[in-house]
Each structure stands twice: as C-alpha cells, then as structure tokens.
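We count ligands from 1, going down the list as the structure has it; atoms in each ligand are counted the same way.
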Amino acid sequence: MALRLYNTLGRKIQDFSPRRGTGVGLYTCGPTVYSTAHLGNLRTYIFEDVLRRTLEFNGYKVKQVMNVTDVGHLTDDGDMGEDKIEKAAKLEKKSAWDIAQEHETEFFRDLERLNVLKPSGVLRATEHIDLQIELIKKLETKGVTYRISDGIYFDTSKFPTYGQLSGQTRNEKRAGARVEVNTEKRHPSDFALWKFSKPEDKRQMEWPSPWGVGFPGWHIECSAMSISQFPRGLDIHCGGIDHIAVHHENEIAQNEAAGHKDFVKIWMHGEFLVLPGQRMGKSEGNSITLPDVIGRGIHPLAFRYLCLQSHYRAPLSFTWESLTAASTGLNNLWLQIDTNGDTARVGCAEFEERFHAVVDDDLNTPQALAIMHELLKSDYPWHAKRQSLSVFDTILGLDLLSVRASQWIEPTPELRVLLNNREDARREKNFPQADEVRKKLLASGFIVDDTPDGPRLRKA
Ligand code: AMP
Ligand code: ZN
C-alpha cells in the first residue's frame, strides 16, 4: 500500500508521491527561542519525526530543514505587541542573542532526549536577514505591499485566494478577528513584512533595510528560507494547528505572490497537546517542560511513548497520571524485551506488514503500538519478535532494544533505605513525601524506574 497523508490544503487524505524521484523536501517550522519548549511544542516535533522516519522507511531520501525563530515573533502572534526575544531579554537582563542561543541549545537537547532526529539543515532567522529583504523587495515589485508608519505590509486584497488553507475568506477572518489595534492597516488580515524599530524600544536586534532600520516579520522568515533551500518547491511543510490560520496562510500568500505557485505539495499539522480544559502555551503560563518530566524521575522517552498513543490529528489531553502510566508501560516493555534473548535475522513478516500498513495510513501510531503489543503476546519465538521490534523501532524511536535492564544498579544500603521510604510513602498515598525522596535520590545522581518487580535505580 502506498504512503497516504492528510493534506490540510483540501482537507483529505491523499497518496503521497514526491515532486521528483525519491527525494523528499520537508520543512518543519522551528521553535521561537525565547523560553524553554513545552510539552505541546515537543509533541509537534515528535509527530514530525515520525513523519520523517516513515518517509525514510518507505525508501525516500529526506532533506529536512527547520528554521529557528530568533527574531520577529511578536507577543500577540500578529503585528502588534513586543518581540518575544527582546521582551525575554529585558525581563531576564540578558542579551537577546544570549536568550536565543540558550533556548536553542536547550531545545535541541530536548529533541535528542526524545530521539527526534536532527534536521539536515537548521537555519536561524537572524542569519538570513538578506534573504528576507530580497523577498520583500520582490513582493514590492509585484505590487502587493504598502507602507504605513510602523512598517511594510502585505496587502491581502491583492491575493484573491487568501484563506484557502483555513477555508476562511478574508471577510470571515475579519469577523472572527480581535478588534484591530493597528488602524492604519487596510485590512485585519494584512500582515507585516518588515517592521521599523521605534526609538523608544531600544532594540538589540535590528538591521538596515531599503525601508529603514528594523526587523523582519515572522512569516517572511519561513518563506524566504524555504524558497532558498528548496527553489524547485517543497513536498511537505509542517507545524502545529495554530499555524494554519495565520502563519501558513501568510506563507502561501508570500510564496505565490513572489511567483512560487503551488510551492508546497502537502501541508500537515499536528493537533495540540492540551491540559484538561485549556491549551498549553508559553503565553498561557502553564508550560510543562521536558526538564520538569525528568525532574519527576520519568524517562523522556515515556513522553514520546505517550504521544505515540494518540493520533497526531487528535488532541492529546495531558495529565501526570497518563504520563506515569506511559512510563510504567515503557519500563515494562524494556524489561520484557531485555530479558528475552538474542535477535534473529528473520522477523515476523505478518506483523511487520501490518505495522507498515498502519503507519503508511497517515501515521496511525496508536494502531502501530497495538500491533506491537499483539506481537509481544503472540507465539512467535522471542528472537524473531526482537527482530521485528528492531524494525518497528526505526519508526517508533523508543530504544526498544537498548539494553535497559542492565543499566539498573544494585542500591547500596543507604539508597535502599531511601527507596523503602519512598515505597512506604507511596503505599500511604503520601505523594509529596514520595516526591521528596525521589528528588533526594536524583540529587545524589539516581533515577527510579517503577517496574512490575518494584522500584529499580539507574544513574541519572
Ligand atoms: P513556537 O515555539 O511557539 O513557534 O511553536 C513551535 C511549534 O509548536 C509550532 O509548530 C507550534 O504550532 C507548536 N505548538 C505550540 N503550542 C502547541 C501545543 N499546545 N500543542 C502542540 N503543538 C504546539
Ligand atoms: Zn514557520
């Protein structure tokens, strides 16, 4: 069966075939590096990683490019508000460059811990200002821009198909929009390409341009970088669902107005990770991060496992209970696989076929996990099961065959006392106390894994 993917543009599942041969161009919108990525952001990168691994599994050679937004993303996601990086720099009394660098490093460390493969190209917005200026100049020559007091704007009235990705016309967007604060804009859906620095803002990141000193808008960054990296067009462009209505709609307008019609073949968007009753967001102030997860003694891959249990197009409601359950489940898997011998050269073909059919069906990872569990329960010999698991893991990325159990260490008598204290507290449902002990163990350099055979320790 062919690989089939859901295209947000047109809202249907379609057979995938690349523009040219077996090479696939994949562009994944990167992080805005003003604070630590939260689990919602990371869910989107895990979905994109499964996509990339699935493409590679199907024999495609993937060139994946990701931008790093280190300038131009404003606090209201629109054209007003402060630049997120500059704001964080002021609050934390650091330079904007340090803020961006710090969070970029942290972001890629999180991805590595989640077994998310590194893109072949990572491009920082601040290092490609020239490309963005060139693209704005081109848009200017096409007559789709206008100037107002705070910057150069894209005139969406010049782009009749504006709104095709979200399925909303300009006027429908206007009806749903917040009260427009920028009264000089001709239409609420028009958006900034270049913003002028205001003297009172004392920006750290600003550049000269043909229109005046300032900085690029957020959307021009992704168009400029994707066009420069994939001059002949992109196969797949991804992001989270919040990008559909504005960021990606605007990218399409820029690309097409600049002469790159149908620049992206398939648009794919990951649904949100939410907290019960609310979206998780950096601006909402309810972020849970991967360091928070690790701080609770939960392995980062337990979060990956949790994400794989939901389809990427379904919302994932996060609770610590569900993550703890995923953690126990994954530890059980590791333990079961680890204690069961060698790997054969031949796996269980029937299960491998079914596994591939479901991942090729728009990345159905919950089904893929169900097939994996069915295989584990089957009568096949363990060495064959292990071979199939190693194949599954090229997509799941759960380190299924790493020798986990051998990482567990025999606790010293002092550590044993701590472990017993934690068990007592848990039995009495005194979770704050249990948490305290776990933190003490972590401070001494040990992580506790809860396994069916009781708690086990490994080096942090
Ligand atoms: P940002 O760093 O805000 O530019 O976002 C990075 C990525 O995370 C983008 O692809 C967003 O669409 C995505 N994203 C933001 N919030 C969430 C969420 N709660 N759940 C899933 N993805 C999200
Ligand atoms: Zn983008």
Side-chain angles (χ1 to χ4, degrees), residues 8 26-49 51 64-78 81 83-85 87-88 99-100 103-104 106-108 110-111 114 116 119 122-125 128 132 165 191 216-227 229-230 234 236-255 263-264 267-290 303 306-307 310-318:
T8 309
L26 172 66
Y27 187 93
T28 47
C29 276
T32 309
V33 282
Y34 70 105
S35 70
T36 309
H38 57 64
L39 298 184
N41 303 133
L42 297 174
R43 179 189 188 200
T44 291
Y45 296 105
I46 291 172
F47 135 62
E48 293 163 351
D49 183 61
L51 170 65
Q64 183 195 355
V65 171
M66 183 188 286
N67 62 303
V68 170
T69 302
D70 50 1
V71 69
H73 194 163
L74 305 188
T75 43
D76 73 346
D77 277 350
D83 186 312
K84 294 185 179 195
I85 310 271
K87 183 178 174 195
I99 290 282
H103 294 300
E104 182 187 316
E106 190 178 61
F107 172 73
F108 284 109
D110 282 355
L111 292 197
L114 291 168
V116 170
V122 175
L123 276 69
R124 298 191 186 108
H128 298 86
Q132 298 170 70
L165 193 63
F191 55 92
W218 172 35
H219 319 297
I220 198 73
E221 164 193 337
C222 284
S223 281
M225 305 214 265
S226 55
I227 292 170
Q229 290 292 308
F230 302 95
L234 256 177
I236 308 177
H237 192 317
C238 308
I241 47 157
D242 55 331
H243 283 355
I244 300 173
V246 180
H247 184 51
H248 289 164
E249 203 85 89
N250 294 350
E251 272 190 52
I252 294 179
Q254 293 167 155
N255 298 343
F263 179 70
V264 174
W267 287 93
M268 291 180 72
H269 295 95
E271 252 291 354
F272 267 171
L273 176 141
V274 293
L275 290 172
Q278 52 181 182
R279 163 187 175 176
M280 183 183 288
K282 294 174 196 169
S283 340
E284 281 75 1
N286 57 6
S287 289
I288 300 172
T289 66
L290 201 61
F303 177 64
L306 179 72
C307 290
S310 295
H311 192 270
Y312 78 92
R313 282 195 291 118
L316 166 58
S317 182
F318 177 87

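- With a 4.0 Å cut-off on non-hydrogen atoms, Thr32 touches ligand 1 through its backbone as well as its side chain.
- When atom types are taken as modelled, the side chain of Asp110 and the backbone of Phe107 share no donor-acceptor pair closer than 3.5 angstrom.
- At least one N or O atom of Thr44, backbone or side chain, sits closer than 3.5 Å to an N or O atom of ligand 1.
- Of all the heavy atoms of Arg43, none lies under 4.0 Å from any atom of ligand 1, so neither backbone nor side chain is involved.
- No N or O atom of Cys29 sits closer than 3.5 Å to an N or O atom of ligand 1.
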Without placing hydrogens or testing angles, list every side-chain donor-acceptor pair under 3.5 Å for residues 267-275, not counting sequence neighbours.
unit_1	atom_1	unit_2	atom_2	d
His269	ND1	Thr8	OG1	2.8
His269	NE2	His248	ND1	2.8

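- Distances from atom 14 (N) of ligand 1 to the heavy atoms of Asn41, Val33, Leu42, Leu275 show the closest one on Asn41.
- Regarding atom 10 (O) of ligand 1, its nearest protein heavy-atom neighbour is Gly240 N, 3.1 Å.
- Taking 4.0 Å as the cut-off, Thr69 does not count as a neighbour of ligand 1 on heavy-atom distance.
- The closest protein non-hydrogen atom to atom 9 (C) of ligand 1 is His243 NE2, 3.5 Å.
- Nearest non-hydrogen protein atom to atom 6 (C) of ligand 1 is Tyr45 OH, 3.2 Å.
- Considering backbone and side-chain N/O atoms, Ile241 never comes within less than 3.5 Å of an N/O atom of ligand 1.
- Residue contacts with ligand 1 leave out His269, since none of its heavy atoms falls under 4.0 Å from the ligand.
- Protein heavy atom in closest approach to atom 23 (C) of ligand 1: Phe272 CE2, 3.3 Å.
- For the Zn ion (ligand 2), protein N/O/S neighbours under 2.8 Å (waters excluded) are Cys29 SG, Cys222 SG, His247 NE2.
- Among the atoms of His73, none of the N or O lies under 3.5 angstrom from an N or O of ligand 1.
- Annotation: Gly239 places no N or O atom under 3.5 Å from an N or O atom of ligand 1; distance criterion only.
- Taking atom 11 (C) of ligand 1 as the reference point, the nearest protein heavy-atom neighbour is Asp242 OD1, 3.5 Å.
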